[in-house]
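Note: hydrogens, waters and symmetry copies are ignored here, and every other heavy atom, side chains too, is used.
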Amino acid sequence: MDTCLGTVTVALPPRYEDSAERSIIERCRRRDLEAFGKLVDAYQSRVFGFVRRMVKSPEDAQDVTQEVFVRAFQAIERFDGRCTFRTWLFRIAHNLCVDRSRRQERRPTVVSVHDMVDEGEEFAVGDFRWDPETMVLDEEFRTIVEAAIGTMSEKLRSVLLLHDREGMAYDEIAQALDIPTGTVKSRLFLARTHLQRAVHAYWQGEVS
Amino acid sequence: MNPHREDLESIGRLVKELPEDTPSMVWRSQLSQRLAAEQKPKRPFAAWLPGVLAAASAALVIVSALPAMMRSTAPGPVVAESWLMADHTMLSSAADLETGSMNPYEASDFVSAASWTEDGGFEGF
């Protein structure tokens, strides 16, 4: 399946049907490396994209992503199917990212939306020439968005990425991150608001 | 429709449309190597068992034999006394033989001095 982003065409990884994925997982439980390779092929880009935005350094992202799949292979016998494989995999990824950040004592720049926004204030994009539907994501704008994601706290960033990039449902994110569903919703709201402010500031600068 | 909500949803779409990240082939190759290493079964305990049993048996034999070995080399009090007495007797005999720095011939001459008489005479010559 291909998705067209302006001039960029991105091939999305194949998504296995539940039953097909289950049979692959069963083979993986028997230490079938070829079967596990299929899971790696299906998820490597998505996991790598998530990890890269969580740990920032590309070298760390590569290490952590490899570790995610190695840990998954080691522990797949204990995968009980109570959640989807994707949720389980992203839980491993998230935990490893948090561990890596703690180990390196890297303190992300936490931008509190509460400091910038008054209670009940509504966000309206002043310049309506900005139309996200038709806008082509040029390199500069993409950099702004990535930078804004990077300045969020890990808590907001993980929820934003899992919901808006991975398309996970609130419940699924709650399972993966081991937090209540309500917390997922509030964090998503704050994350999007933070991103909106950054995008708005960028467009204000472009216009003036 | 709430414009604020609409804006936030468009932000969500913006995130979704960020480009995909694909790891390199080198990365994938390294991962395959790591996974292959993980696939190799850990050495089963059965493989270690003969070695462990042999080492344990050897240790058991040494531990059980040690007190007996120590008993056989260490002299008891009576034996030690007899050894000491024998040593002492031997040394005394040697000292007697060397009395006055005489050689054995002189010593035999000395023994013949018993032939001196009480009145100062000498019967030997």
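Note that CZ of A:Phe141 is 4.5 Å distant from CG of B:Leu14, once rounded to the nearest 0.5 Å. Atom OG1 in A:Thr65 sits 12.5 Å away from atom CZ in B:Arg28 (nearest 0.5 Å). Taking CG from B:Leu31 and CD from A:Glu67, the interatomic distance works out to 10.0 Å, rounded to the nearest 0.5 Å. Between the CZ atom of A:Arg192 and the CD1 atom of B:Ile11 there is a distance of 9.0 Å, given to the nearest 0.5 Å.
Between A:Gly49 and B:Asp21, the shortest heavy-atom contact is CA-OD1, 3.4 Å. Nearest approach of A:Phe69 to B:Leu35, heavy atoms of both residues: O-CD2, 4.0 Å. In plain terms, the two heavy atoms of B:Lys16 and A:Asp164 that are nearest each other are CB-O, 3.1 Å. Contact detail for A:Ser45 and B:Glu20: the closest heavy-atom pair is CB-OE2, 3.5 Å.
Neither the backbone nor the side chain of A:Phe50 has a heavy atom closer than 4.5 Å to any heavy atom of chain B. A:Arg52 touches chain B through its side chain: at least one heavy atom from C-beta onward sits under 4.5 Å away, while N, CA, C and O do not.
Side-chain N or O atoms of A:Gln62 include none that pairs as donor or acceptor with a backbone N or O of B:Pro23 at under 3.5 Å. A donor-acceptor pair under 3.5 Å links the side-chain atoms of A:Arg165 to the main chain of B:Leu18, judged by distance alone.
Between chain B and the options A:Leu188, A:Leu161, A:Val40, the largest number of non-hydrogen pairs under 4.5 Å is found for A:Val40. No other option in A:Gln66, A:Arg31, A:Gln74 has as many heavy-atom pairs under 4.5 Å with chain B as A:Gln66.
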